[in-house]
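This report concerns only the one structure given below.
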Amino acid sequence: MRAHAQATMSPSASENDLNSVSPKPVVTRFAPSPTGFLHIGGARTALFNWLYARHHGGTFLLRIEDTDKARSTTAAIDAILDGMRWLGLDWDGQEYYQSEFAARHSEVAHALLEGGAAYRCYMTPEELTAQRERASAERRPFRIVSPWRDVSDVSEEQTGKPFVIRLKAPGDGETVIDDQVQGRVTVQNSEIDDFVLLRSDGTPTYMLAVVVDDQDMGVTHVIRGDDHLNNAFRQLCIVRAMGWPDPVYAHVPLIHGPDGAKLSKRHGALGVDSYRDELGLLPEAVGNYLLRLGWGHGDDEIISQSQAIDWFDLAHVGKSPSRFDFKKLENLNGHYIREADNQRLADLIAPRLELSEDQRGLLVRAMPELKARAHNLNQLADGALFLFATRPIAVDQAAAEHVAGDGRDLLAAAHDALAKVSNWHAPALEEAVRGVAERREVKLGKLAQPLRVALTGQTTSPGIFDVLALLGREESLARIADILVEPNE
RNA sequence: GGCCCCAUCGUCUAGCGGUCUAGGACGUCGCCCUUUCACGGCGAAAACACGGGUUCGAUUCCCGUUGGGGUCACCA
């Protein structure tokens, strides 16, 4: 699989033991399976686990559930780690890889077997499907009934055949989980079937692996997606059969697409890497959005990561699924772009603009004007394009009309006035341009638009005086002159 | 279909029996600011799914209906 420092499965976060007095220290974990990118729902689960641990001064662990070797890839693992780092979700210690604990999983399965809480089941796949089909034909719920459940002595001929180890489910009574998000949930034990612990090839199933790993890693709080709530009852059977302490469960509702159905590729469900690279979002915006999706703190909307750590709790996590609203995410992103450091933003978009050092300087200087207008980094980069365009600059079709007719005359007048400005800064430039407008008895807008088109090639841009100042005297006058000499097409 | 869960403006949510003629945010629509676009400011439309209870009093508690979601593998 993958080389990494040995992750010791030391029970509990022993480092904290001396400091914590009565309640046991909180240990949470995020346990993604590396079969794809870190999707947005996973990111939120990770965020909640991280926040809960940090809020309680506990430990946040990361475990890669790579037991399905056929579907797990190192590229997916890297994408997950990368996504978490980007979101600022640092995990404690080395990440764990579930595949490395197969022996331990098997050991527990056999312990269960010895203790009589599990049994070898020799049913063939054919027998299984036959049973399943019979159930659906009779329109009754399928629950496996293995003839091997209570067989004590197995014939020698049989023992040579392949078998799986199944848990002996309780059968009667009921199991209750006090879920920190969903509340008290009760399930009749008759609903819980004899699920597989160890496959016929000796590998552990997910159901077994999670429980064993959570126990060995000292996980106290299992915070995960709602889709695992049903599993929790089965997992609890293993926990109790082993005599281990129940973990605290918190099942967070899933994120849905705009149409209310589970978020999927159809909705453009993306990896967090796409939120960064393709959508041009800032990690603080994505984090803030994810936090507020399904959790609230009064009327607060803009919440920093440290505030989130202070405020986060499971009690205020909503119980119903929430829909993903991209508009709100982008609005938040606009806010964080405006808040962001100019140099940082310039560094973020410089690569896609392919700038020289000098040009980077200009970009930083222009940033206060540029960032006020962008909701994502793509818009930010687009907005900066005019600064680095080479003359004669291209003029948008729609913009061209502003530099024809009257506009052209005004532009000529502006050019002359600007050429006389000695102190090339916004205030002086404004004075000169306004002077022209007054003499020609036109509103400033009549002059500003042609000027904007000549300087940027577009009808929208930062304030025109800032544009002039940013571009500099020589470049500005040249761009205006270009328009004046070039006959309009 | 069985089991489990959920239900406040279009969306995210506040509300934890009277403070609700239901608050905030995004989005939408006006107006203001203004050289364009944004930003910002002001304002508007917009919700307690329905029906029964409990209670002096229900958005808040209980039951049912409807609607939505999750889950039913030798996948995780």
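The sequence lines fix the lettering, A, B, ..., with proteins before strands; numbering per chain opens at 1.
Between A:Lys446 and A:Asp406, no side-chain nitrogen of the basic residue sits less than 4.0 Å from a carboxylate oxygen of the acidic one, so the salt-bridge criterion is not met. The pair A:Glu284-A:Arg344 meets the salt-bridge criterion, since a charged nitrogen lies less than 4.0 angstrom from a carboxylate oxygen. With respect to A:Arg143 and A:Glu191, a salt bridge is recorded, a charged nitrogen being found less than 4.0 Å from a carboxylate O.
Nearest-nucleotide assignment on RNA chain B puts the 5′-proximal partner with A:Gln182, out of A:Thr459 and A:Gln182. Both A:Pro462 and A:Gly318 lie close to RNA chain B; mapped to their nearest nucleotides by heavy-atom distance, the more 5′-ward contact belongs to A:Gly318.
B:rA49 and B:rU59 have their C1' atoms separated by 12 Å, with the value rounded to a whole Å. For the C1' atoms, the distance from B:rA46 to B:rG24 is 14 Å, rounded to whole Å. For B:rU28 and B:rC9, the C1' atoms lie 12 Å apart once the distance is rounded to whole Å. With P as the reference atom, B:rG2 and B:rU60 are 28 Å apart, rounded to whole Å. B:rG53 and B:rG10 have their C1' atoms separated by 33 Å, given to the nearest Å. As rounded to the nearest Å, B:rC6 and B:rU19 have C1' atoms that lie 28 Å from one another. Using P as the reference atom, B:rA25 and B:rG67 are 35 Å apart when rounded to the nearest Å. If you take atom P in B:rU8 and the same atom in B:rC33, they sit 40 Å apart, rounded to whole Å.
Among the heavy atoms of the strands, none lies under 4.0 Å from A:Thr203. No contact: A:Asp193 has no heavy atom under 4.0 Å from any strand. When heavy atoms are screened at a 4.0 angstrom cut-off, A:Val164 is found touching base atoms of the nucleic acid. Counting any heavy atom pair closer than 4.0 Å across all strands shown, A:Phe465 reaches a base atom. The residue A:Leu198 sits apart from the nucleic acid: no heavy atom pair falls under 4.0 Å. Nucleic acid contact class of A:Gly294 (heavy atoms, under 4.0 Å, all strands): sugar-phosphate only.
Residue A:Arg292 places no side-chain atom within donor-acceptor reach of the base of B:rU13, judged by atom type and a 3.5 Å distance cut-off alone. The base of B:rC74 does not come close enough to the side chain of A:Thr205 for any donor and acceptor atom to sit less than 3.5 Å apart. Applying the 3.5 Å distance criterion, the base of B:rC26 shares no donor-acceptor pair with the side chain of A:Lys327. The base of B:rG70 is not paired with the side chain of A:Asp226 by any donor and acceptor separated by under 3.5 Å.
Using the Watson-Crick or G-U wobble rule with both distances under 3.5 Å, B:rU59 pairs with nothing in any strand shown. Summarising the base pairing, B:rA44 is matched to B:rU28 through a Watson-Crick or G-U wobble pair whose two defining distances lie under 3.5 Å.
Of the listed nucleotides (B:rU36, B:rC6, B:rA76), B:rA76 has the atom at the smallest distance from the side chain of A:Glu65. Of the candidates B:rA76, B:rC6, B:rC37, the closest approach to any side-chain atom of A:Ser33 belongs to B:rA76. Here B:rU36 is the nucleotide among B:rU36, B:rC74, B:rA25 with the atom lying nearest to any side-chain atom of A:Arg373. The listed nucleotides are B:rG24, B:rA76, B:rC74; the one nearest the side chain of A:Met207 is B:rA76. Comparing B:rU11, B:rG69, B:rU36 by their closest approach to the side chain of A:Arg323 singles out B:rU11. When the nucleotides B:rU36, B:rA76, B:rA25 are ranked by their closest atom to the side chain of A:Arg452, B:rU36 comes out on top. Listed nucleotides B:rC4, B:rA76, B:rA7 differ in distance to A:Ser320; the shortest reach to its side chain belongs to B:rA7. When distances are taken from the side chain of A:Ser200 to each of B:rC74, B:rU36, B:rA76, the shortest belongs to B:rC74.
When the P atom of B:rA38 is taken as reference, atom CD1 of A:Ile464 falls 16 Å away, rounded to whole Å. The distance from atom CG of A:Leu197 to atom P of B:rA73 is 16 Å, rounded to the nearest whole Å. Note: CG (A:Asp325) to P (B:rU11) measures 10 Å, nearest angstrom. As a whole-Å value, the separation of A:Leu380 CG from B:rA38 C1' is 12 Å. Going from atom CD of A:Glu369 over to atom P of B:rC39 covers 14 Å, rounded to whole Å. A:His375 has its NE2 atom 11 Å from the P atom of B:rC26, to the nearest Å. The distance from atom CG of A:Leu444 to atom P of B:rC37 is 14 Å, rounded to the nearest whole Å. Taking atom CG of residue A:Leu370 and atom P of nucleotide B:rC39, one finds them 15 Å apart after rounding to whole Å.
Side-chain N/O atoms of A:Arg338 include one lying less than 4.0 angstrom from OP1 or OP2 on B:rG40. Taking only side-chain nitrogens and oxygens, A:Asn331 comes nearer than 4.0 Å to OP1 or OP2 of B:rG27. Between B:rA76 and A:Thr67, a contact under 4.0 Å exists linking OP1 or OP2 to a side-chain N or O. Under 4.0 angstrom from either OP1 or OP2 of B:rC6 there lies at least one side-chain N or O belonging to A:Lys319. Within the structure, a side-chain polar atom (N or O) of A:Arg434 is placed less than 4.0 Å from OP1 or OP2 of B:rU35. The shortest distance between the side-chain N/O atoms of A:Arg143 and the OP1/OP2 oxygens of B:rG2 is not below 4.0 Å. For the OP1/OP2 pair of B:rU13 and a distance below 4.0 Å, the side-chain nitrogens and oxygens of A:Ser322 include at least one atom meeting the criterion.
In this structure, the ring of A:His251 has its center less than 6.0 angstrom from the ring center of A:Tyr249. The aromatic ring centres of A:Tyr289 and A:Phe324 sit less than 6.0 Å apart. Annotation: A:His228 is in aromatic contact with A:Tyr206 [ring centroid separation under 6.0 Å]. A:Phe312 has its ring centre less than 6.0 Å from the ring centre of A:Trp295.
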- Stepwise side chain to side chain contact (heavy atoms under 4.5 Å, CB included) check, A:Leu197 with A:Phe195: CA-CA 7 Å; A:Leu197 262 18; A:Phe195 56 95; 3.5 Å; yes
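A cation-pi arrangement is absent between A:Arg166 and A:Tyr119, since the terminal nitrogen or guanidinium carbon is not both under 6.0 Å from the aromatic centre and inside a 45° cone about the axis.
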